[in-house]
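Here's the structure, in structure tokens; my notes come after.
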Amino acid sequence: MEDAIALQQELEPRVDTRPSLPALRLIGGIHVAYAGDDLIAAVVVLGFPALDVVAGATAAGRTTFPYVPGLLAWRELPTVLAACERLRSQPDVILCDAHGIAHPRRFGLASHLGYCLDVPSIGCARRRLVGEHEPVAAARGSRVGLTHAGAPVGAVVRTRAGVKPVFVSPGFAVSVSDAVDVVLATTLRYRMPEPIRRAQLLANEKKRRTSAASSVTVS
DNA sequence: GCGACAG
DNA sequence: ATCTTGTCGC
């Protein structure tokens, strides 16, 4: 585990934040579902701005690392990458159900994923890991900066009026403002961005079909 | 010593 | 993340 932390610290300097994103055509989303020590990673690709699912893939894996705040990548990344390898299409940007640089060492799961795929990535988490921020106004689209150790690391964004805000941060090769723009552009009637939501649905679907198939084999 | 702590 | 029924609301 000490090694894991050391590796993240080495990767940190390689995070670059390009000023703007290329024209968005395809947006990816990932999610990981658990069934005890078994995990199912799902990745989907949606067309933009239609937000229709154009591709999807899943991969099954087994936990080989415990859940430690700040080291989520060591637990989920291998299976997520396996799912991505089964994907045909290449998204212009990928959204993660986790943090990007809003992380103790500025390299959360979203950063690891974008770095490994060499695809711009964005972290969009439901809860805070690190950082401080002012209150966010209730209207959809409101956002306040998230800072950590004196550095801007993301934004707290209201994706639905009156609903708890989400924590958005650059994963890899994206700016904070572009990250916020992408999250808001893919979020209309739910709190989480559509790519992440669809990935979650796919992961849960796969988990159910898998457990159902195994129980049929047993009986 | 007492909290905080992505999924 | 996951364990879990009903229930309030659009």
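All chains are named by letter (A, B, ...) in the order of the sequence lines, taking the proteins before the strands, and each is independently numbered beginning at 1.
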Student check: side-chain heavy atoms of Val166(A) and Arg191(A) closer than 4.5 Å
yes
May I ask you to say whether Arg62(A) pairs ionically with Asp38(A), meaning some side-chain N is under 4.0 Å from a carboxylate O?
yes
Side chain of Asp92(A), backbone of Leu26(A): donor and acceptor closer than 3.5 Å?
yes
Measure across Pro195(A) and Ile27(A) and return the closest heavy-atom pair with its distance rounded to 0.1 Å.
CG-CG2, 3.8 Å
NA contact type, Ala33(A), heavy-atom cut-off 4.0 Å: base, sugar-phosphate, or nothing?
sugar-phosphate
Which part of the nucleic acid does Gly70(A) contact within heavy-atom distance under 4.0 Å: base, sugar-phosphate only, or nothing?
base
Base, sugar-phosphate or nothing for Leu39(A)? Non-hydrogen atoms, less than 4.0 Å.
nothing
Nucleotides bounding contact with chain A, strand DNA chain B, heavy-atom threshold 4.0 Å
dA4(B) to dG7(B)
To the nearest angstrom, the CG-C1' distance between Asn204(A) and dT2(C) comes to 11 Å
Begin from the C-alpha positions of Tyr34(A) and Glu76(A) and carry the test side chain to side chain donor-acceptor pair (under 3.5 Å) through to its verdict.
CA-CA 10 Å; Tyr34(A) 289 82; Glu76(A) 302 188 340; 2.7 Å; yes
Spatial distance of atom NZ (Lys207(A)) from atom OG1 (Thr58(A)) [nearest 0.5 Å]
13.5 Å
Ring-face cation of Arg128(A) near Phe167(A) (centre distance under 6.0 Å, axis angle within 45°)
no
By the 4.0 Å heavy-atom rule, please label Tyr34(A) as base, sugar-phosphate, or nothing.
sugar-phosphate
So which protein N/O to nucleotides 6-10 of chain C N/O distances come out below 3.5 Å?
none

Checking all strands, does Leu71(A) fall into the base, sugar-phosphate, or nothing category for heavy-atom contacts under 4.0 angstrom?
base
What are the two closest heavy atoms between Ala102(A) and Ser169(A), and how far apart are they?
N-OG, 3.6 Å
